[in-house]
Amino acid sequence: TTKYYILNSIWKVMIEAELERNQSYMFEYLKKQRLLDEEKAIHNHNLYALWNLKSFIANKIVEENPFNSEFFIYTDSGAWRLGVFEEWPNEKFIMNELVPILKDRILFGQIKNMTSYDDLYNRKIDLIEGGFFAGNAQSIRNFYTKFYNLHDAYLKMNNFIGKDQTILKKL
């Protein structure tokens, strides 16, 4: 069973995040982040908002938990650029293999191998796929908290946070 959430505007979700986190993000995403983005020719403020609301949205689903689920997967079209996996998600594999191994840890999709520790500090190298993550309710809550704590700290330092992968590799 699937439940879809269709939004007219990502900015309505951003307002929710601002209220929940007692922060002001909209000006940052609409104006400031574009000036800091080294890839501004291919990105825009709507992408910045969407990319950085993933953990917020996943956490909301965990709180709501409409199907009393034990395991949660966030995926968007970015995770499927190179094709669609057959028989995914495989419930048997998830429940018998992933859940026991992960426990309260979160699983991210890796898109590039790290060749050196310098890769961790190079903003131009994306190591983790932003369009897929999975875990149990506690891991999603932990991810949400850690992501936004780092996000907000970077924001206060006037760092570029428009692209979620910039933050993901620091978690």
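For reference, positions follow the sequence shown, starting with 1.
At least one side-chain heavy atom of Met26 sits less than 4.5 Å from a side-chain heavy atom of Ile15. With a 4.5 Å cut-off on side-chain heavy atoms, Asn65 and Phe72 count as touching. Ile106 has its side chain within reach of Ile140: a pair of non-hydrogen atoms, C-beta onward, lies under 4.5 Å apart. Side-chain atoms of Asn158 and Lys32, non-hydrogen and from C-beta on, do get closer than 4.5 Å to each other. Counting heavy atoms from C-beta on, the side chains of Gln33 and Lys163 never come closer than 4.5 Å.
No donor-acceptor contact under 3.5 angstrom links the side chains of Tyr25 and Asn52, judged on distance only. Side-chain polar atoms of Asn136 and Lys103 form no donor-acceptor pair below 3.5 angstrom.
Evaluation of the salt bridge (charged side-chain N to carboxylate O under 4.0 Å, His left out) rule for Arg21 yields Asp152 as partners, not counting sequence neighbours. For Pro100, there are no side-chain contact (heavy atoms from CB on, under 4.5 Å) partners two or more places apart in sequence or in a different chain. The side-chain contact (heavy atoms from CB on, under 4.5 Å) search around Ser9 returns Trp11, Lys12, not counting sequence neighbours. Under the side-chain contact (heavy atoms from CB on, under 4.5 Å) criterion, Leu150 pairs with Tyr154, Ile167, Lys170, Leu171, not counting sequence neighbours. Legend: residues meeting salt bridge (charged side-chain N to carboxylate O under 4.0 Å, His left out) with Glu63, ordered by chain and number and at least two apart, are Lys60. With sequence neighbours excluded, the residues satisfying ring-ring contact (aromatic ring centres under 6.0 Å, His included) with Phe143 are Phe108, Phe133, Phe147. When the side-chain hydrogen bond (donor to acceptor under 3.5 Å, both in side chains) test is applied to Gln138, the partners found at least two apart in sequence or on another chain are Asn142. Take Ile94 and apply the side-chain contact (heavy atoms from CB on, under 4.5 Å) test, not counting sequence neighbours, and it matches Phe71, Ile73, Trp88, Pro89, Leu98, Val99. Partners of Tyr144 by side-chain hydrogen bond (donor to acceptor under 3.5 Å, both in side chains), not counting sequence neighbours, listed by chain and number: Glu20. Under the side-chain hydrogen bond (donor to acceptor under 3.5 Å, both in side chains) criterion, Asn44 pairs with no residue at all, not counting sequence neighbours. Contacts of His151 classified as side-chain hydrogen bond (donor to acceptor under 3.5 Å, both in side chains), with partners at least two apart in sequence or in another chain: Tyr29.
Closest non-hydrogen pair, His43 versus Arg34, comes out as O-NH1, 2.7 Å.
A perpendicular orientation is assigned to the rings of Phe56 and Tyr148, their planes being inclined by more than 60° (bins at 30° and 60°).
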